[in-house]
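Quick note: residue numbers are just sequence positions, from 1. Just so you know, these numbers come straight off a predicted model, no measurement behind them.
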Amino acid sequence: MVAERIRQRVESASREAGPLPAHLRVTISLGLAVLRADTTPQALIARADRALYRAKADGKNCVRSRTSLTMIVLRCR
């Protein structure tokens, strides 16, 4: 999945950039939503937003995908 590869690249780039102070860590959290024929733009954004907040709540540096019925946990570190 593209989102997971992006997350991994950000994580790798932060390590390759050199040592950071112990209290700093570069992470990315992503919230994804599926576009269907009957999905309004507002509903799509709302589902992606809920998935993003779930990723942050689950410990950051996560990818979460939200469909109308389920939350899919893709990766969290």
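A distance of 13.0 Å separates CG in D49 from CD in Q42, rounded to the nearest 0.5 Å. Once rounded to the nearest 0.5 Å, the distance linking CG of N61 with CD of E11 reads 5.0 Å. How far CZ of R7 is from OG of S12: 8.5 Å, rounded to the nearest 0.5 Å. Rounding to the nearest 0.5 Å places CZ of R54 at 13.5 Å from OG of S65.
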Verdict with reasoning, I28 to I6, per side-chain contact (heavy atoms from CB on, under 4.5 Å): CA-CA 9 Å; I28 186 171; I6 291 169; 4.1 Å; yes
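L35 belongs to a hydrophobic cluster whose other members, connected by ILVMFWY side-chain contacts under 4.5 Å either directly or through intermediates, are L44. Other residues sharing the hydrophobic cluster of L52, ordered by chain and number and joined by side-chain separations under 4.5 Å: none, the residue standing alone.
Looking at every heavy atom in both residues, A48 comes nearest to A33 through N-CB, 3.6 Å.
Checked against side-chain contact (heavy atoms from CB on, under 4.5 Å), A43 has the following partners two or more places apart in sequence or in another chain: T39, T40, R47.
Shown are L30, L32, D58; of these, the side chain to side chain contact (heavy atoms under 4.5 Å, CB included) with R64 is made only by D58.
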